Amino acid sequence: MEVRDLHDWPATAREAEEIQDRLRPLLDLRDRGPLRPRTIAGLDVAYERDGARGPSGRGGRLAAAAVVLDAETLEVVEEATAAGTAAFPYVPGLLAFRELPALVEALRRLETTPDLLVCDGYGLAHPRRFGLACHLGVLTGLPSMGVAKTPFVGAYDPPGERRGDAAPVRHDGEVVGRVLRTQDGVKPVFVSVGHRIGLDTACRHALALAPRYRLPETTRRADRLSRDALAALTSSA
DNA sequence: GCGACAG
DNA sequence: ATCTTGTCGC
């Protein structure tokens, strides 16, 4: 698929924040995706374990994966990976600058143009309202959303214990996401919109993508593929 | 000022 | 993210 070229890369956290502030106005927060997406892509990145720079520094090797699923059957339609290097140190709120180059490359290697992107992390529920899911949405022009495994910004009350139970996540007086229980009695996930999608729609997709496990099949597949791709790197060159 | 902090 | 042993549960 086609993906817009990356902007000039930030050298400092200040510059990275400026880029987020500059791109944020391009977000379309209306529910503009197809009523019934046919394909949904899951994205994830696996990092190489190493003591020197550590998985949190810059420069360590990594592998990104994009897995396209049939939204109806959840069967894999297409897969793509891309090897790369951590493009930025890990800084809460600037995760996108670490993973974007490799993720964009993986997406470009896809023949399919998915109807929705599901990212491992946050979208609007972000210090500056521009998490990874928003960034990828703007770069691709596709509807996008984030599903995170742990809390980041905002406050919330614990949702009920049953699958489908949810509660709003509020930050600076706004509802920026939703804590959603995807299976009875499991830790909830954190859903937030990225681009061209509404929170209700995003949660509906998150639930439909998780018929059996806590995490959506999209991120489970992408997680496995990225790890496999990384292992392939480590064992060869 | 001090902690917390997606992956 | 990644490092790690055992342990509880289906």
Side-chain angles (χ1 to χ4, degrees), chain A residues 13 16-17 19-20 24 42-67 81-104 106 117-137 144-156 161 163 169-172 176-180 182-195 199 202 206 212-216 218-231 233-234:
Chain A
E17 292 177 1
I19 290 173
Q20 294 180 325
R24 184 159 18 89
L43 303 166
D44 195 17
V45 174
Y47 296 82
E48 182 177 20
R49 47 160 185 65
D50 68 33
R53 12 186 62 147
S56 296
R58 167 180 39 216
R61 292 201 294 182
L62 55 76
V67 178
T81 63
T85 286
F88 207 81
Y90 174 70
V91 178
L94 301 179
L95 172 67
F97 296 96
R98 248 172 113 56
E99 313 189 329
L100 233 32
L103 285 173
V104 165
L117 261 32
V118 177
C119 305
D120 198 13
Y122 284 91
L124 252 202
H126 174 278
R128 282 169 301 285
R129 301 289 182 274
F130 201 75
L132 176 63
C134 297
H135 210 137
L136 274 169
S144 66
M145 56 179 274
V147 176
K149 299 179 285 297
T150 62
F152 185 29
V153 299
Y156 58 90
E161 290 298 317
R163 166 177 160 86
V169 173
R170 295 194 178 76
H171 182 55
D172 293 335
V176 295
R178 197 173 289 166
V179 210
L180 173 68
T182 53
Q183 296 295 328
D184 293 354
V186 303
K187 282 177 48 178
V189 297
F190 299 79
V191 178
S192 56
V193 307
H195 186 54
L199 188 53
R212 163 117 205 247
Y213 300 101
R214 176 171 92 115
L215 297 179
T218 37
T219 79
R220 284 170 44 80
R221 294 283 193 171
D223 178 78
R224 255 203 322 187
L225 181 58
S226 64
R227 289 185 201 239
D228 289 349
L230 181 65
L233 284 179
T234 305

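Chain letters run A, B, ... following the sequence lines, proteins first and then strands; every chain starts at 1. This structure is a prediction, so every number in the text was calculated from the model and none was measured. Just so you know, these numbers use all the heavy atoms, side chains as well, and skip hydrogens, waters and symmetry mates.
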Short side-chain to backbone donor-acceptor contact, A:R129 and A:R24, under 3.5 Å: no
Under 3.5 Å donor-acceptor, A:T218 side chain and A:G42 backbone: no
Between C:dA1 (P) and A:L230 (CG): distance, integer Å: 12 Å
Aromatic ring pairing A:F152/A:H126, orientation class (parallel under 30°, perpendicular over 60°, tilted between): perpendicular
Geometric class of the A:Y156/A:F190 ring pair [parallel <30°, tilted 30-60°, perpendicular >60°]: perpendicular
Where protein sits on nucleotides 2-7 of chain B, one letter per nucleotide: B base, S sugar-phosphate only, - none, heavy atoms under 4.0 Å: ---BBB
Contact state string [nucleotides 5-10 of chain C, B base, S sugar-phosphate only, - no protein heavy atom under 4.0 Å]: ------
Distance, nearest 0.5 Å, that separates CD of A:E99 from CG of A:D44: 7.0 Å
Qualifying residues under salt bridge (Lys or Arg N to Asp or Glu O under 4.0 Å), relative to A:D120, sequence neighbours excluded: A:K149
Residue list, salt bridge (Lys or Arg N to Asp or Glu O under 4.0 Å) with A:K187, at least two apart or on another chain: none
Evaluate the side-chain proximity of [Y] to [X]: yes if any heavy-atom separation is below 4.5 Å, no if none is.
X      : Y      : value
A:V153 : A:Y122 : no
A:T85  : A:E48  : no
A:L132 : A:L103 : yes

Short N-O contact, A:D228 and A:R224, less than 4.0 angstrom: no
Canonical and wobble pairing (Watson-Crick, G-U, under 3.5 Å) of DNA chain C, dot-bracket with |: ..........
Stem regions touching DNA chain B, defined by at least 3 consecutive Watson-Crick or wobble G-U pairs below 3.5 angstrom: none
Contact summary for A:L233 and A:L62, nearest pair of heavy atoms: CD1-O, 3.9 Å
